[in-house]
Amino acid sequence: MEKILVKTGIYSFVVTFFILVAFMQIEESTTDVEGMTSFVVTPYPEFFFHIFRYSIITSIIAVILVCVYILSNKKK
């Protein structure tokens, strides 16, 4: 059981990290009241910190879901 949970945590972290690096945008556009559009660029350390944080949250949720799935199948 622990082996499955560890693999789930590691693989979900790595996959989520790579997906977020590929698809998360570093710049955001904002439009003010007059209709002018400007771009806000997130600095790289903050950008990778957000990606790291979202990857950790996703892997924790994946491990909890797999743990609940394993425990529910054990009772049957």
Side-chain angles (χ1 to χ4, degrees):
M1 180 170 149
E2 293 125 10
K3 195 174 190 180
I4 294 172
L5 293 176
V6 170
K7 282 186 178 183
T8 301
I10 292 172
Y11 291 150
S12 64
F13 176 80
V14 170
V15 169
T16 306
F17 187 83
F18 286 141
I19 289 173
L20 287 174
V21 166
F23 294 111
M24 194 171 181
Q25 303 225 349
I26 196 165
E27 58 184 36
E28 298 176 22
S29 63
T30 57
T31 307
D32 62 0
V33 178
E34 298 172 0
M36 298 290 291
T37 302
S38 62
F39 291 98
V40 177
V41 178
T42 306
Y44 279 109
E46 187 176 333
F47 177 68
F48 282 111
F49 179 71
H50 285 295
I51 290 175
F52 188 71
R53 189 175 115 212
Y54 294 143
S55 298
I56 288 174
I57 291 170
T58 305
S59 63
I60 288 172
I61 291 171
V63 168
I64 290 171
L65 289 175
V66 169
C67 185
V68 168
Y69 177 76
I70 290 172
L71 290 177
S72 70
N73 281 343
K74 261 189 179 178
K75 290 182 181 179
K76 291 181 181 181

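Worth knowing before you read on, the calculation uses all heavy atoms, side chains too, and leaves out hydrogens, waters and symmetry mates. Here, residue 1 is the first one in the sequence, and each next residue gets the next number.
- Heavy atoms of other residues, nucleotides or ligands lying less than 6.0 angstrom from CE of Met1 number more than 12.
- Taking every heavy atom of both residues into account, Thr8 and Val66 meet most closely at CG2-CG2, 3.6 Å.
- At least one side-chain heavy atom of Ser55 sits under 4.5 Å from a side-chain heavy atom of Leu20.
- In the hydrophobic clustering of ILVMFWY residues, with side-chain heavy atoms under 4.5 Å counting as a link, Ile56 and Ile64 come out together.
- Nearest heavy-atom pair, Ser59 versus Gly9, reported as atom, atom and distance to 0.1 Å: CB-O, 3.5 Å.
- Counting only heavy atoms from C-beta outward, the side chains of Thr42 and Gln25 never approach each other to under 4.5 Å.
- Rounding to the nearest 0.5 Å places NZ of Lys3 at 13.0 Å from CG of Leu5.
- Phe52 and Phe18 fall within a single hydrophobic cluster, where Ile, Leu, Val, Met, Phe, Trp and Tyr are joined by side-chain heavy atoms under 4.5 Å apart, directly or via other members.
- Cluster membership for Val21 and Tyr54, using ILVMFWY side-chain heavy atoms within less than 4.5 angstrom, is shared.
- Cluster annotation: Val14 is not connected to Ile57 through the hydrophobic network of ILVMFWY side chains, with a link wherever side-chain heavy atoms come within less than 4.5 Å.
- Under a hydrophobic-cluster definition in which Ile, Leu, Val, Met, Phe, Trp and Tyr are linked whenever side-chain heavy atoms come within less than 4.5 Å, directly or via other members, Val15 and Leu65 are assigned to different clusters.
- With values rounded to the nearest 0.5 angstrom, Glu28 atom CD is found 11.0 Å from Ser38 atom OG.
- Without hydrogens or angle criteria, Thr16 side chain to Phe13 main chain gives no donor-acceptor distance under 3.5 Å.
- The aromatic rings of Phe48 and Phe17 sit parallel to each other, their planes meeting at less than 30°, with 60° as the upper class boundary.
- Nearest heavy atom pair, residue Ser29 against residue Thr37, reads CB-CG2, 4.0 Å.
- Aromatic ring pairs are classed by plane angle as parallel below 30°, tilted from 30° to 60° and perpendicular above 60°; the pair Phe47 and Tyr44 is perpendicular.
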